[in-house]
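The structure under discussion appears below in the form of structure tokens.
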Protein chains: 2
Amino acid sequence: MGELTKIRAPKRKTKHAGVDKADLPLGQILTGDCVAAMRKLPDASVDLVFADPPYNLQLGGDLNRPDGSHVDAVTDDWDQFDSFALYDKFTKDWLTECRRVLKPDGALWVIGSYHNIYRVGAILQDLGFWILNDVVWRKTNPMPNFRGTRFTNAHETLLWASQGEKSRYHFNYRAMKTLNDELQMRSDWTFPICSGGERLKDDAGHKAHPTQKPEALLYRVLLATTEAGDVVLDPFFGTGTTGAVAKRLGREWIGCEREAVYRKVAHARIEKELPLDESALATMQSRKSQPRVAFGAVVEAGLLKPGAEIFDKKRRWKAKVRADGSVECGKETGSIHAVGKNLQNAPSCNGWTFWHYEDGGEVKPIDAARGLYLLAAED
Amino acid sequence: MGELTKIRAPKRKTKHAGVDKADLPLGQILTGDCVAAMRKLPDASVDLVFADPPYNLQLGGDLNRPDGSHVDAVTDDWDQFDSFALYDKFTKDWLTECRRVLKPDGALWVIGSYHNIYRVGAILQDLGFWILNDVVWRKTNPMPNFRGTRFTNAHETLLWASQGEKSRYHFNYRAMKTLNDELQMRSDWTFPICSGGERLKDDAGHKAHPTQKPEALLYRVLLATTEAGDVVLDPFFGTGTTGAVAKRLGREWIGCEREAVYRKVAHARIEKELPLDESALATMQSRKSQPRVAFGAVVEAGLLKPGAEIFDKKRRWKAKVRADGSVECGKETGSIHAVGKNLQNAPSCNGWTFWHYEDGGEVKPIDAARGLYLLAAED
DNA sequence: GTTTTCTCTGAATCCGCAC
DNA sequence: TGTGCGGATTCAGAGAAAA
């Protein structure tokens, strides 16, 4: 079993000795300006930066909806810059510091809108960062353009960049493909804006932060470009979405935030967050870094009993598990992949994600059983 | 009544005398480098620029480094700084020339990918252009990422910018809303890439141009931001998608293209293109472009009689119509708009849709009476 | 309890002519 | 160049309130 453990270990190149995590302020929100705060961190100590900097919106007067109600705009001091030059300097400063604290094979994400993202992108390139993708967050429910003067501004842009052209950044290709129903994950992601129960409120019931990002966005970012145990730094921590999702996904986090109010809200929020258990995380592992597991071995181990019923998500087909790890559905018999493929008349089928089973009243893909198997194999 | 008809014509401001179109090389493809070619055009002569600049750094042999030294683009081994600086200079040059030939209320579109669009966007802002939207072209059928190393690069970005913050760019809001099934057109557009019969082939059957854009994209751009008769300039004409769609939509066009092969293909293509007839070109017009009608004129015409009662939809307020077109509600008197605004204590009010009247037992907004007035005026 | 209607709100560079 | 004012302009989703 020792061999499985070895194979399973995250396949991160450790060419660079790295910093002892004990020397890092993990799970802490550093106070003050983010550039000053980051100076306290050692070189090459962080696996990923996620940054949601001020957008430098340059708003005119008030704006009303057609029904006369007033739009609550982002007019906070932290978003005010007197010129592009000042914004550029600010951007260059924090990006430079991020570059220093990032490991050579680390990566950086920045989110922005057309107001700032072109400046950020150009500066990023000037500093030597290498853009890997620009990703579009399509909002299902953007604020309309109330005056009918432009296209509805229905998206924001994320930049994903490595330290340089040759750096060996980390990308969980398989996890993304699985998440996207066995199609390659595209550069356009569709999520609603953060509202409802997820939107943090202050004591008076007002939104705690004007620009809180949806957790689903961070979830995908962290799942795609980090492994459990990695250190994620967020220089503009706000109300701590990055920290909350990092904790849930078993990643370490460090935040920087100037405003005491936001820090307080973030601490309370993250305190409540519960990490997912390891089996749930295991299903998200990249296939490349996992040993191949035969379905038969899972059956053999008793995680799915011979005779058990498995079914596709929509329960259009049911199949019976046989002792040798083959499955049977009417006249079709064979491997989980072959039967799934033939039933759907599809060119191929990933049986691990196609077939599901019930475990304690819950429907799970049989991939979860494989996760449990691997977990057990580690001991 | 001819006067009303005249007022109805599209309301383009001609504050600036403008250039006689006869002095422009309409329907021509200018040869040579686009900056040199554009120098032949007069100032403020073009309504719209659509540009699809190259984003690789192989720009040809006629470029110089910022220090003036000559560069052989194909063989020179640039460092990253040099190549970005060179690309920036190139970008600044052609954008500056576009800015000169554009009318003060003209606008510019640029399309690009993450390789170049951040540089273009930042330079555009530095030159004084005012970004109106960034628009994402989502490809329904992008090329997959074969090596599984990144997200599928499934989109390109268009920037739409006016000459400056205060400039009065043109936007066919109603036409876009109609095109999008009566919902505001969003900043993300979904089209397939250019392929099949639309993709131009050379004599050997190979694609004539590596980055031919789909006509649907240009169709939407031109429909959204130009009127029939407007002059559209494309500094990187390629195989002439802009020209073909412009001709079809009854817009004038000017192209610049260095490569004789592309010019030849473009000419042949545009030659075959047929303009839509005028009735097909008609688009939904905004209320803004309709003639202004005084409420008094509606009263005068007898469509609403002095002394008649008007009320808001929920009948919270009632007002009396007076002979001069003012209305009275308790202590409030004045225009339909001012009284509606004051009663609701709102920042503004459109009296035409706020106030209602009864006509044959039916409740209608007084806007319906305006409609009748305009209908009568057309005869 | 259930269904329907109303109300509120979200990173927004959000008017233009006449005087 | 500023000021006044006519009047054009909104989508999805959550939650509360009403039916």
Side-chain angles (χ1 to χ4, degrees), chain A residues 52-76 78-81 84 111-117 137 139-157 192-199 201 205-207 209-214 238, chain B residues 11 13 15 105 125 129-134 161-162 164-166 168-169 171 173-174 177 180-187 285-290 292-296 314 325 334-341 346-355 366-367 370:
Chain A
D52 182 10
Y55 287 7
N56 188 26
L57 300 184
Q58 297 168 40
L59 304 178
D62 281 0
L63 180 63
N64 295 301
R65 298 185 182 79
D67 65 5
S69 63
H70 183 252
V71 175
D72 183 18
V74 179
T75 51
D76 305 64
W78 50 253
D79 200 44
Q80 303 302 316
F81 295 84
F84 279 138
I111 182 167
S113 66
Y114 68 85
H115 310 87
N116 71 323
I117 201 67
W137 167 28
K139 303 179 184 183
T140 57
N141 50 353
M143 190 186 301
N145 180 293
F146 296 116
R147 302 299 292 263
T149 55
R150 303 181 181 189
F151 299 100
T152 306
N153 189 9
H155 73 275
E156 294 187 23
T157 301
I193 59 176
C194 181
S195 68
E198 190 185 323
R199 189 84 194 211
K201 304 288 196 303
H206 300 121
K207 56 187 175 192
H209 192 283
T211 70
Q212 187 183 338
K213 295 294 177 289
Chain B
K11 205 174 168 185
K13 308 302 165 299
K15 289 196 305 189
D105 291 342
Q125 291 179 310
F129 282 104
W130 192 250
I131 298 180
L132 298 166
N133 277 115
D134 55 352
S162 67
E165 182 175 0
K166 300 293 177 196
R168 294 192 229 165
Y169 58 91
F171 181 50
Y173 175 75
R174 265 310 307 177
K177 189 167 175 177
N180 196 38
D181 210 13
E182 290 305 310
L183 287 179
Q184 287 191 338
M185 185 68 79
R186 299 167 40 114
S187 56
Q285 295 299 312
S286 157
R287 291 303 275 280
K288 289 176 198 162
S289 62
Q290 291 197 2
R292 183 168 285 231
V293 176
F295 183 59
K314 293 183 183 167
S335 75
I336 48 174
H337 314 293
V339 171
K341 173 185 140 183
S348 73
C349 170
N350 182 340
W352 291 108
T353 49
F354 176 72
W355 294 109
I366 59 174
D367 200 32
R370 176 168 59 167

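Per chain, numbering begins at 1; letters A, B, ... match sequence-line order. Keep in mind that this is a model prediction, so the values were computed, not measured. Only this structure's heavy atoms are used, side chains among them; waters, hydrogens and symmetry mates stay out.
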Considering only atom [atom1], compute the distance from [N] to [M] and round it to an integer number of Å.
N      : M      : atom1 : answer
D:dA12 : C:dC14 : P     : 23 Å
D:dA8  : C:dA18 : P     : 15 Å
D:dA17 : C:dG1  : C1'   : 15 Å
C:dT9  : D:dT10 : C1'   : 12 Å

OP1 or OP2 of [N] under 4.0 Å from side-chain N/O of [X]:
X        : N      : result
A:Asn153 : C:dT13 : yes
A:Arg65  : D:dA8  : no
B:Lys177 : D:dT10 : yes
A:Lys207 : C:dG10 : yes
A:Arg199 : C:dA11 : yes

Exercise for review: Please tell me which of the listed nucleotides, D:dC11, D:dG6, C:dA12, lies nearest to the side chain of B:Arg292?
Suggested key: D:dG6

Check your understanding: Can you find a donor-acceptor N/O pair under 3.5 angstrom joining the side chain of B:Arg287 to the base of D:dT9?
Key ->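 It does not, because no donor-acceptor pair links the side chain of B:Arg287 to the base of D:dT9 below 3.5 Å.
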
Review point. Looking only at N and O atoms, is any donor in the side chain of B:Ser348 or the base of D:dA8 less than 3.5 Å from an acceptor on the other one?
Key: yes

Check your understanding: Using purine N1 to pyrimidine N3 plus N6-O4 or O6-N4 for Watson-Crick, or N1-O2 and O6-N3 for G-U wobble, each under 3.5 Å, what pairs with C:dA11?
Key ->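 The base-pairing partner of C:dA11, which may sit in any strand shown, does not exist here.
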
Check your understanding: Pick one for C:dT13: is it syn, with its angle within 90° of 0, or anti?
Key ->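 Syn for C:dT13; the angle stays within 90° of 0.
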
